[in-house]
2 protein chains.
Amino acid sequence: MTTIDDVARRAGVARSTVSHALSGKRHVASSTRDRIIAVVNELGYQPNAAARSLVSRRTMTVGLIVPLDLNILAENRYTDFIVGVGDHLNEHGYRLMCLIDRNPEPLDVQRLLRSDQVDGTLLLQVRTDDARVSTLVAEGRPFVTIGRPRNARGIVRADGDFVNASVVAVDYLARLGHTQIAYVTTGQGGCPVFGFQWYSLKGFRQAHRIFGLSLRRDQVLYHEQETYESIEDALAPMLHGTLAVTALVTPTFVAAALAMRVLAEHGLRVPCDISVIALGDPRLTALSVPSITVVRFSVTDLANIAVELLLGMLEGRAPAHLEHLVPVELVIRGSTGPVASTAHCAGGMNRDYLQPLESGGCQKSTAPAS
Amino acid sequence: MTTIDDVARRAGVARSTVSHALSGKRHVASSTRDRIIAVVNELGYQPNAAARSLVSRRTMTVGLIVPLDLNILAENRYTDFIVGVGDHLNEHGYRLMCLIDRNPEPLDVQRLLRSDQVDGTLLLQVRTDDARVSTLVAEGRPFVTIGRPRNARGIVRADGDFVNASVVAVDYLARLGHTQIAYVTTGQGGCPVFGFQWYSLKGFRQAHRIFGLSLRRDQVLYHEQETYESIEDALAPMLHGTLAVTALVTPTFVAAALAMRVLAEHGLRVPCDISVIALGDPRLTALSVPSITVVRFSVTDLANIAVELLLGMLEGRAPAHLEHLVPVELVIRGSTGPVASTAHCAGGMNRDYLQPLESGGCQKSTAPAS
DNA sequence: TTGAAAGCGCTAACAG
DNA sequence: CTGTTAGCGCTTTCAA
């Protein structure tokens, strides 16, 4: 292991000169500096991070707190965030420390912060009511949430504009003639689990007011997990005719894909009988058939914004706004269509629910282009 | 910030007594220890990680090197690894530092190691020929690869048993009567890009020898990226009848899903005209229609094994074997069927390629159970 | 323009 | 059983 003293000795200078030559914090004669640089390269010297952060009181490391939930991570929702954050941090000379925990005890977070392993923290997968947020506030260290809890007062946060996403979704459906729309989300005790689901629901309600649509309680369907069975249970009122809706909005791609399978298995055709819209940035939507209409936003933008906010705070700059929302856009694909256009629906029940890609309507499949 | 001296003063003992009371490395009178613990809890003391690792020469941190490739991470292939590794490390009191880099320069890896930020390293997304491996070998620090380069001599590695996965896949297809099978992979210069693709291909060839099947060069199809267009190009010989195969093996789920779309668009029915098998652990296979037959292995097991290997090395235990392979199992779903059973295929071209889930054959869809 | 020296918070060897 | 003390490798003040 090469230390700064090795370099100093070999270059025939004092330890402090090496330090300054490398940090540039005070002027060093260019001849001396060149000699030092040469020795550094020769020995492959790299300052010891622990020693450095012990004295400088900075670790140049950011913590990313990801509550482990295989059911959720398996869905690919958070990979892009982790990658986006990690890459952006590297570009700024910061390291990324991931705290991935099966059960994210406040204690784990405390340990991470109090042992001074990170200069700041990013929170992923924020719940409607998230204990980690209060913990972080109590610790009094800089942090930024990616996503928002219901009560976001005073915290610095970046998120997709999920409220607006719902409005855009409902608007589009309304234009297609839909007036009876269901909202499907994971929920516990009559409340969406994650922040983005809560804000989406808020937007869903808002949209109904804006567009003068009535909204009954039973149009909001909660499922416990993102599994086929759980979603089948949640959709039961639709499947048994108790709830008459012609469209369905859900804040996650997997729920949308599973819902479409449930509908299909029960003889309901997408988009003939039911239109489906997902929210978020599910790149995999392109894989499903029919591909799913989505109100999306750039996850990379969101990750970058969160990182910029945090690094700014670490360098003493207060953020311009507490809340930064990434704008959304509607991407029309094959899972949405005009309401109740039964005349266009050819074929028997449970036959044509699967349309060729990018085909929005319900007409019979035509011969391939080739 | 609370230091060990704060605790010592408040508990009326020496600094070293606090240290030992917490580490248990020498006996401390239980009365003294209780007093110290009480103060620790009262002040919320947590040892400073930098100071600790400066003197102990251990960071209790493991580095995970993930070359950023959005096209790949978007596919959800590596999320489960990151989560699996992170969670397992936490359980063992280690931290996870992620080096996620758009272009993983050997220099970045060197910096990480030489600045002593990690005790050991895990390599993800290993290429057939991977520069990072030589870098790590040259640095002489403990590391374990998750996945293997073509030349794995001397390195400690954990991987899915991809060679055997291919054998199982070809065996199954052969039992269904397939003799002409194509292998589809991302490749550059006539060689698969990633290690798992290389070993899969090796197994694919091996299987042909074992089962007495002939294998021509043109049965191995390379695509540049995992996009619809790129795969469409690669499959061109099949689509234009130049290459007569009845089945297709591909080491990734996304490639399989995209290939199925390509086939469908060109009027080929899965599994009627072409059977498709994917390798790996693509949980999302369940989402596609028809769901994809797969030879899978446990990603969590793989992650755990890699972590155990590395932590063992960090504690001075030499691994029992250099190579640890996670066994594979065949999961039969809807994308495979007997060869050329045209008689069973009802409906017109490009109509029935999308079968209800879990339906392996090509019979007409029946009415829903409900 | 450079060097000497103090000290960051901790562990562990040495003394008692 | 406990206290004293010497560093770990580095940055940074203070002197020259």
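These numbers come from a predicted model, not from an experiment. Every chain is numbered from 1, with letters handed out A, B, ... down the list of sequences.
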Enquirer: Separation of A:Ile4 atom CD1 from D:dT12 atom P, in whole Å?
Expert: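 Rounded to whole Å, this separation is 11 Å.
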
Enquirer: From C-beta outward on A:Val28, which listed nucleotide comes closest to its side chain: D:dC10, C:dT2, C:dG9?
Expert: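 Nearest listed nucleotide: C:dT2.
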
Enquirer: Which residue lies toward the 5' end of DNA chain D, B:Ala51 or B:His27, if each is placed at its nearest nucleotide?
Expert: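 The 5'-side residue here is B:His27.
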
Enquirer: So what does B:Ser53 touch, heavy atoms closer than 4.0 Å: a base, only the sugar-phosphate, or nothing?
Expert: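 The answer is nothing, as B:Ser53 stays clear of every strand by at least 4.0 Å.
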
Enquirer: Is a side-chain N or O of A:Gln197 found less than 3.5 angstrom from the main chain of A:Val193, in a donor-acceptor match?
Expert: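 Confirmed, A:Gln197 side chain pairs with A:Val193 backbone.
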
Enquirer: Take the protein atom CG of B:Leu43 and the nucleotide atom C1' of C:dG9, then report the distance between them rounded to whole Å.
Expert: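 These atoms are roughly 15 Å apart.
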
Enquirer: For A:Arg52 and C:dG9, give me the distance from atom CZ to atom P, rounded to whole Å.
Expert: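 Roughly 18 Å, once rounded to whole Å.
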
Enquirer: Measuring from atom CG of B:Asp130 to atom CZ of B:Arg148, what distance do you get when rounded to the nearest 0.5 angstrom?
Expert: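 Rounded to the nearest 0.5 Å, the CG-CZ separation comes out at 14.0 Å.
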
Enquirer: Please give, in whole Å, the distance from D:dG9 P to A:Asp5 CG?
Expert: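 Roughly 8 Å, once rounded to whole Å.
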
Enquirer: The side chain of A:Ala29 lies closest to which of these nucleotides: C:dT11, C:dT2, D:dG9?
Expert: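 My answer, after comparing the listed nucleotides, is C:dT2.
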
Enquirer: Is the phosphate of C:dG9, meaning OP1 or OP2, less than 4.0 Å from a side-chain N or O of A:Arg57?
Expert: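 The answer is yes; a side-chain N or O of A:Arg57 sits under 4.0 Å from OP1 or OP2.
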
Enquirer: So, B:Asn90 side chain and A:Ile100 main chain: donor-acceptor pair closer than 3.5 Å or not?
Expert: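 The answer is yes, because a donor-acceptor pair under 3.5 Å joins these two groups.
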
Enquirer: Any idea how A:Phe194 and A:Phe196 line up, ring-wise: parallel (<30°), tilted (30 to 60°), or perpendicular (>60°)?
Expert: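 Ring orientation of A:Phe194 relative to A:Phe196: parallel.
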
Enquirer: Rounded to the nearest 0.5 Å, how far apart are CD of B:Gln46 and CG of A:Leu107?
Expert: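 Here the rounded value is 8.0 Å.
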
Enquirer: Measure CG/A:Asp6 against P/D:dG9 and give the value in whole Å, please.
Expert: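 Rounded to the whole Å, the gap is 9 Å.
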
Enquirer: With 3.5 Å as the limit, what N/O pairs link the protein to nucleotides 12-16 of chain C?
Expert:
residue: C:dC14; atom: N4; partner: B:Arg26; partner atom: NH1; Å: 3.4

Enquirer: Taking atom C1' of D:dG9 as reference, at what distance in whole Å does atom CG of A:Asn48 sit?
Expert: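 Value for this atom pair: 6 Å.
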
Enquirer: So, A:Arg52 side chain and B:Ser115 main chain: donor-acceptor pair closer than 3.5 Å or not?
Expert: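 No, the answer is negative, given that no donor and acceptor are paired below the 3.5 Å cut-off.
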
Enquirer: Quickly work out the A:Leu54 CG to C:dT11 P distance and round it to whole Å.
Expert: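 In whole Å, C:dT11 P and A:Leu54 CG are 12 Å from each other.
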
Enquirer: For a 4.5 angstrom cut-off between non-hydrogen side-chain atoms, does B:Val62 reach B:Leu311?
Expert: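 Side-chain contact under 4.5 Å: yes.
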
Enquirer: Between C1' on C:dT1 and CD1 on A:Ile36, what's the gap in Å once rounded to a whole number?
Expert: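 The answer, rounded to whole Å, is 12 Å.
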
